[in-house]
Amino acid sequence: MISAESMGVEVSLVLTKCDLISDKRRSYLIDKFDKWGYQVITLNLQKSDCFKNLLAELKQKECSIFMGPSGVGKTTLLNMIIPGLQNSTSPVSNKIKRGKNTTRNVELFSMSSQSYIVDTPGFNMQPLEVDIKLLPNLYSEIYKQVIEEGIKCKFRNCLHLNDEGCNLDKSFERYSFYREMIDSSKSHYYQNQED
Ligand SMILES: Nc1nc2c(ncn2[C@@H]2O[C@H](COP(=O)(O)OP(=O)(O)O)[C@@H](O)[C@H]2O)c(=O)[nH]1
Ligand SMILES: [Mg+2]
Ligand SMILES: [Zn+2]
């Protein structure tokens with residue numbers, strides 16, 4: 001999600017297979033991701049009326065890309081959206097506990113002449129190469145405080161790592177992840193300086 005944000009790609013977070021969890025768990029997840037700054041769409045593809053909102057959103061966009069681990073239901077969703085399409089899907093393997101990469105290529109499908117969907121095999125995480133100074137803006141938890149609430153730290157380019165002179169409220173779930181990301185970008189940055 002942070003990679004997408006860094007490229008200016010709008011993120012819509014979709015939780016699939018909601019028939020497999022309780023309503024309580026579903027509410028918990030909606031709330032969790034709301035705090036991350038994402039309004040999630042929850043899907044249960046066994047009920048076809050459930051994806052109307054998502055469909056409306058997809059139709060408004062020029063191009064949408066389905067990303068996510070293998071086996072979460074990306075191709076199943078695509079098959080429901082595009083009438084007549086019967087691309088292969090396969091259940092999550094019990095043995096390896098993950099999807100089996102049934103979709104092998106990145107393929108572009110058209111919903112209309114103005115609207116396309118790309119199905120992908122899943123994730124292939126590349127190390128993120130973002131200017132370290134831009135990282136804080138990719139987290140809504142930070143962005144909201146700095147831009148919308150106007151909090152000011154002592155140093156103008158504060159990375160919000162230390163408490164001295166930093167006024168950011170760091171009590172949000174992704175803060176430790178943010179810190180790790182800054183640390184790994186830093187080591188990446190210094191390594192490149194040495195090359
Ligand atoms: N229980 C449940 N299973 C689903 C749902 N959506 C997809 N599946 C199943 O999940 C498995 C993997 O789906 P697939 O579309 O191949 O996943 P992909 O790898 O993300 O493209 C298939 O067996 C689907 O039938 C859902 O909403 N609920
Ligand atoms: Mg697939
Ligand atoms: Zn700060």
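One-based numbering, in listed order, for ligands and for the atoms of each.
- Within ligand 1, counting atoms from 1 as listed, the ones closer than 4.0 Å to a heavy atom of Lys74 are 15 (O), 17 (O), 18 (P), 19 (O), 20 (O), 21 (O).
- Note on Glu173 versus Lys32: salt bridge recorded, some NZ/NE/NH1/NH2 to OD/OE distance being below 4.0 Å.
- Summary: ND1 is the N/O/S atom of His160 found nearest to the Zn ion (ligand 3).
- Residue Gly73 approaches ligand 1 through these ligand atoms, each under 4.0 Å from one of its heavy atoms: 7 (C), 13 (O), 14 (P), 15 (O), 17 (O), 18 (P), 20 (O).
- Between Asn44 and ligand 1, no N or O atom pair is found at a separation short of 3.5 Å.
- With Leu77, Asp19, Leu20, Leu43 as candidates, the residue nearest to atom 26 (C) of ligand 1 on a non-hydrogen basis is Asp19.
- Backbone or side-chain N, O or S atoms of Thr120 do not reach the Mg ion (ligand 2) at under 2.8 Å.
- Taking every heavy atom of both residues into account, Trp36 and Ser140 meet most closely at O-OG, 3.0 Å.
- Counting heavy-atom neighbours within 6.0 Å of Gln39 CD, excluding the residue itself, gives a total of 12 or less.
- Residue contact annotation: Thr16 has no non-hydrogen atom under 4.0 Å from ligand 1.
- For Glu62 and Ser115, the side-chain atoms include no donor-acceptor pair closer than 3.5 Å.
- Listed by number with element, the atoms of ligand 1 under 4.0 angstrom from any heavy atom of Thr76 are 7 (C), 13 (O), 14 (P), 15 (O), 24 (C).
- The aromatic rings of His160 and Tyr178 sit tilted relative to each other, their planes meeting at an angle between 30° and 60°.
- For ligand 1, the polar-atom distance check against Cys18 finds no nitrogen or oxygen pair separated by under 3.5 Å.
- The contact set between ligand 1 and Thr75, taken as ligand atoms under 4.0 Å from a residue heavy atom, comprises 15 (O), 21 (O).
- Electrostatic pairing of Arg174 and Glu141 counts as a salt bridge here, judged by a charged N lying under 4.0 Å from a carboxylate O.
- Residues Tyr38 and Phe33 keep their aromatic ring centres 6.0 Å or farther apart.
- Salt bridge Lys61/Glu10: present, at least one basic N to carboxylate O contact under 4.0 Å.
- Annotation: angle subtended at the Zn ion (ligand 3) by Cys158 SG and Cys166 SG is 110°, to 10°.
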